[in-house]
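Everything below concerns the one structure shown next.
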Amino acid sequence: MAGREISTPAGRSWVQRAAESLFFTLFPSDCRLCGEPQLNVSRLPVCPECLARIHPIRGKVCSICGERVFSAYAASDPSGQRRCPVCRRAARPFARAAAYGSYDGELRGLIHLLKYDGVRPAAGVLGRVLGETIAAMEPAFERGTVMVIPVPLYKTKRRQRGFNQAELIALSALKVAGSKRLQLATGVLLRTRETESQIGLTAHARRENLRGAFAVPRTAEVTGRDVLLVDDVYTTGTTVSECARVLRRAGAAQVWVATVARTLKLASQLGKIEPEEVEEEGSKVSEFQGFEGEGEAPVESGNLETLKP
């Protein structure tokens with residue numbers, strides 16, 4: 001750490017500083033993302049520098065699915081919305097999908113710490129950035145209270161993991177959003193069966209793989225209600241689209257989607273189509289970047305100092 005100047009937050013007594021020094025002498029810890037030594041006592045094993053590198057999505061994106069768009073589609077249509085080629089051709093089962101950041105770098109690493117390493121304090125930081133996204137979406141919600149439904153895991157997957165990451169993130173996000181209109185509703189949408197790996201499947205095969213995998217056992221609970229569907233990552237959009245279709249068939253008036261991160265498939269400036277590696281529940285698949293979008297509209301971020309655990 002030679003050459004790095006460490007500043008001491010104002011208001012900390014020498015007793016606190018001495019206690020922290022002793023703690024890290026006895027229990028040294030490195031940042032789980034960059035490997036640098038941790039210099040602050042925290043339940044989250046991620047350094048402030050890595051957290052500061054988590055940024056919201058920037059640039060021109062589709063107003064409906066949040067995918068990056070070519071310059072030819074950057075202008076708004078007569079309705080005031082910017083639509084990608086897919087959203088120009090076909091209607092989505094949701095009104096809008098929004099995500100905080102791109103699924104890469106430190107944000108992707110933080111999501112993995114929660115999902116695959118069981119570092120639950122990461123849900124607090126992820127929930128905070130998602131809460132900003134939800135707060136920005138709220139003016140579009142048209143009716144009274146909105147049901148916030150985390151994308152469910154199948155019971156065996158939840159038992160193995162010990163939690164549903166989407167639910168943990170949603171709980172934290174609602175605290176940040178601070179709106180009485182938003183009501184967490186677990187158990188309303190169920191995952192009724194385990195699905196096969198999505199590795200190597202075409203878009204059609206992915207949809208078929210998830211068909212019938214979700215259900216709303218008590219449709220009266222969603223009939224006529226607005227729903228905000230929450231998940232950690234929007235990759236191909238197959239999962240949230242299937243969930244939205246099931247909720248609409250059950251009587252939901254409108255469905256929005258909010259995720260912490262999304263895979264951005266289109267180069268925002270050059271308009272190139274390039275291969276990209278995306279993930280479905282811990283499995284990697286090399287997928288060609290086409291026009292099947294996933295997404296979010298840009299969200300203005302607050303001070304990233306708020307990401308410090």
When hydrophobic residues are tied together by side-chain contacts of less than 4.5 Å, even through go-betweens, does [X] share a cluster with [Y]?
| X | Y | answer |
| --- | --- | --- |
| Val125 | Val176 | no |
| Val119 | Leu171 | yes |
| Val222 | Leu190 | no |
| Ile149 | Tyr154 | no |

Quick one: [atom1] on [X] to [atom2] on [Y], what's the gap to the nearest 0.5 Å?
| X | Y | atom1 | atom2 | answer |
| --- | --- | --- | --- | --- |
| Arg218 | Leu189 | CZ | CG | 11.0 Å |
| Gln254 | Arg248 | CD | CZ | 5.5 Å |
| Leu153 | Glu194 | CG | CD | 9.0 Å |
| Arg53 | Cys34 | CZ | SG | 6.0 Å |
| Asp232 | Lys115 | CG | NZ | 4.0 Å |
| Arg211 | Arg206 | CZ | CZ | 13.5 Å |

Checking the side chain of [X] only, and the main-chain atoms of [Y] only, is there a donor and an acceptor separated by less than 3.5 Å?
| X | Y | value |
| --- | --- | --- |
| Asn209 | Thr195 | no |
| Thr219 | Gly251 | no |
| Arg128 | Gly124 | yes |
| Ser63 | Arg83 | no |

- Taking the six-membered ring of Tyr103 as reference, does the NZ or CZ atom of Arg108 fall below 6.0 Å from its centre and within a 45° cone about the axis? yes
- Derivation of the side chain to side chain contact (heavy atoms under 4.5 Å, CB included) call for Val151 and Leu229: CA-CA 7 Å; Val151 171; Leu229 192 65; 3.9 Å; yes
At their closest point, which heavy atom of [X] faces which heavy atom of [Y], and how far apart are they?
| X | Y | value |
| --- | --- | --- |
| Pro150 | Asn164 | CB-ND2, 4.4 Å |
| Leu33 | Cys50 | CB-SG, 3.9 Å |
| Met137 | Ala98 | SD-CB, 3.6 Å |
| Pro93 | Arg245 | CB-CG, 3.6 Å |
| Thr145 | Gln183 | CG2-NE2, 3.5 Å |
| Asp30 | Pro37 | OD1-CA, 3.4 Å |

Is there a side-chain contact between [X] and [Y] (heavy atoms, below 4.5 Å)?
| X | Y | result |
| --- | --- | --- |
| Val216 | Val246 | yes |
| Val61 | Val69 | no |
| Phe141 | Leu228 | yes |
| Leu130 | Tyr100 | no |
| Met147 | Leu247 | no |

- Task: Carefully, step by step, assess Gln165 and Arg158 under the rule side chain to side chain contact (heavy atoms under 4.5 Å, CB included).
- Result: CA-CA 9 Å; Gln165 72 279 353; Arg158 178 168 184 141; over 6 Å; no
- Item | Stepwise side chain to side chain contact (heavy atoms under 4.5 Å, CB included) test for Ile134 and Leu182 | CA-CA 10 Å; Ile134 293 174; Leu182 305 174; 3.6 Å; yes
- Taking the six-membered ring for Trp and the full ring for Phe, Tyr or His, determine whether the centres of Trp256 and Phe94 are under 6.0 Å apart. no
- Under the side chain to side chain contact (heavy atoms under 4.5 Å, CB included) rule, what do Glu106 and Leu110 come out as? Steps first, then yes or no, please. CA-CA 6 Å; Glu106 286 76 15; Leu110 199 59; over 6 Å; no
- Quick one: side-chain hydrogen bond (donor to acceptor under 3.5 Å, both in side chains) pairs with a partner in residues 168-181, sequence neighbours left out? Glu138-Ser179
- Query: Would Glu67 and Arg82 pass as an ion pair if we require N to O under 4.0 Å?
  - Reply: no
